[in-house]
Amino acid sequence: MMAAHASSHWTEDLPPLKGRLEANVPLARYSWFRTGGPAELFFEPADQDDLCALLGTLPADVPLTVLGVGSNILIRDGGVDGLVIRMGKAMGQIARDGDCLMVGAGASDFAVAHAARDYGLSGLEFLRGVPGSIGGAVRMNAGAYGVEMADILVDACIMDRFGHIRTVACADLDFSYRHSGLSDRDVVVSARLRGVPGERERIEARMAEISKAREDAQPLRSRTGGSTFKNPPGMKAWELIDRAGCRGMTLGGAQISEKHTNFLINTGTASSGDLEDLGDMVRQCVADQCGVTLDWEIRRIGKRAGGAR
């Protein structure tokens, strides 16, 4: 175990841990936007037991935040109080179980799509077009190209902030559009995903179609976080943003993508404040011009510079 230097006294009596535990860790490197302040305390568990051991000691008043690969998240410049858990590769095992895949929360959606292809399981191709990891995909019911997690999830292993584990069936997760019933106190540990036996060539062809569609439509080579706003019922967020005249709009180093208007971009010098403020400007423009209030899809965590939340 790496030495912990957190000021929180509860860390002094921790059991032996195998993962990385450090204080005051810069989080920008863990966000696709490459912006944001530090974590007060940062932990990358080596396995499920490691995670359980740490959460079993976590005081109720210490805030808990969970990160995956950092695609659909904006980490504010003032940093994140309490404990930040990053579900990395050690928590991303993928194994076949009949026509299902048992997948750790840290596995990337991309890796799961490719594993399903290699096992000859169809129905998971859409994950090729979902930026992020399985833990986040379960939490927000991620989807693309007409399919979402609610369509393929059998059940998920959930750990609460005290280290207690339970298995929750898909039907009990209260899924809706980009939403689940999981609370901020719940940590997705793994998921069982259902596939259908299929021909590898057809699966590969569908994944290639999805990959090309993303390449053609989205600014994949930019520092971005995926879709910024949820689609309002019966409407497309990008069309509303375009209609409101926000294509290419800038603020500091932040920009609304010229290629796909529902993508925020860090052009290289943006702060998280620039990105969030530009997003809120767009929301105001759409409300004024189109009479529609856009809801953030990107999760914003931590404190703004100066300590405001």
Donor-acceptor contact present, side-chain [X] to main-chain [Y], <3.5 Å:
| X | Y | result |
| --- | --- | --- |
| Asp77 | Gly273 | yes |
| Asp50 | Ala46 | yes |
| Trp32 | Val69 | yes |
| Arg76 | Gly302 | yes |
| Ser180 | Arg139 | yes |
| Arg178 | Asn141 | yes |
| Asn262 | Phe229 | yes |
| Asn231 | Ala237 | yes |
| Asp97 | Met102 | no |
| Glu125 | Gly123 | yes |

Evaluation steps, side-chain contact (heavy atoms from CB on, under 4.5 Å), between Ile165 and Gln48: CA-CA 10 Å; Ile165 301 173; Gln48 180 173 307; 3.1 Å; yes
For the residue pair [X] and [Y], what are the closest heavy atoms and their distance?
| X | Y | answer |
| --- | --- | --- |
| Gly253 | Asp274 | N-OD2, 3.5 Å |
| Pro219 | Ile265 | CB-CD1, 4.1 Å |
| Gly36 | Ala28 | O-CB, 3.9 Å |
| Leu101 | Tyr119 | CD2-CD1, 3.5 Å |
| Glu297 | Asn72 | O-OD1, 3.0 Å |
| Val130 | Ala142 | CG1-CB, 3.9 Å |

I'd like to know if [X] pairs up with [Y] as an ion pair, taking the criterion as any Lys NZ or Arg NE/NH1/NH2 lying under 4.0 Å from an Asp or Glu carboxylate oxygen.
| X | Y | answer |
| --- | --- | --- |
| Asp184 | Arg299 | no |
| Lys212 | Glu209 | no |
| Arg185 | Asp160 | no |
| Arg304 | Asp277 | yes |
| Arg200 | Asp118 | yes |

Within 6.0 angstrom of Lys89 NZ, more than 12 heavy atoms from elsewhere: no
Residue Arg29 excluded, over 12 heavy atoms near CZ under 6.0 Å: yes
Does any part of the side chain of [Y], heavy atoms only, come nearer than 4.5 Å to the side chain of [X], both counted from C-beta?
| X | Y | answer |
| --- | --- | --- |
| Thr35 | Ser271 | no |
| Pro232 | Leu240 | yes |
| Met249 | Cys285 | yes |
| Met87 | Val187 | yes |
| Asp186 | Arg166 | yes |
| Val62 | Leu41 | no |
| Leu264 | Phe33 | yes |
| Leu55 | Leu64 | yes |

side-chain contact (heavy atoms from CB on, under 4.5 Å) between Ser257 and Thr224, worked out: CA-CA 9 Å; Ser257 172; Thr224 185; over 6 Å; no
Parallel, tilted or perpendicular, as decided by the 30° and 60° cut-offs, for the rings of Phe263 and His260: perpendicular
Do [X] and [Y] land in one hydrophobic cluster if side-chain heavy atoms of ILVMFWY residues count as linked below 4.5 Å?
| X | Y | answer |
| --- | --- | --- |
| Met140 | Ile75 | no |
| Leu54 | Val66 | yes |
| Met159 | Leu14 | yes |
| Leu278 | Trp296 | yes |
| Val25 | Ile85 | no |

Among Ile94, Leu121, Val112, Asp99, side-chain contact (heavy atoms from CB on, under 4.5 Å) partner for Leu193: Val112
Worked check of side-chain contact (heavy atoms from CB on, under 4.5 Å) between Met207 and Phe110: CA-CA 10 Å; Met207 287 171 58; Phe110 178 93; over 6 Å; no
Thr167/Arg192 under side-chain contact (heavy atoms from CB on, under 4.5 Å): CA gap, chis, key distance, verdict: CA-CA 10 Å; Thr167 299; Arg192 183 157 50 129; 6.0 Å; no
Distance in Å, [X] [atom1] paired with [Y] [atom2], rounded so as to fall on 0.5 Å steps:
| X | Y | atom1 | atom2 | value |
| --- | --- | --- | --- | --- |
| Arg128 | Asp109 | CZ | CG | 11.0 Å |
| Ile158 | His164 | CD1 | NE2 | 15.0 Å |
| Leu67 | Phe42 | CG | CZ | 7.0 Å |
| Lys303 | Ser272 | NZ | OG | 13.5 Å |
| Thr228 | Leu294 | OG1 | CG | 10.0 Å |
| Ile256 | Arg247 | CD1 | CZ | 10.5 Å |

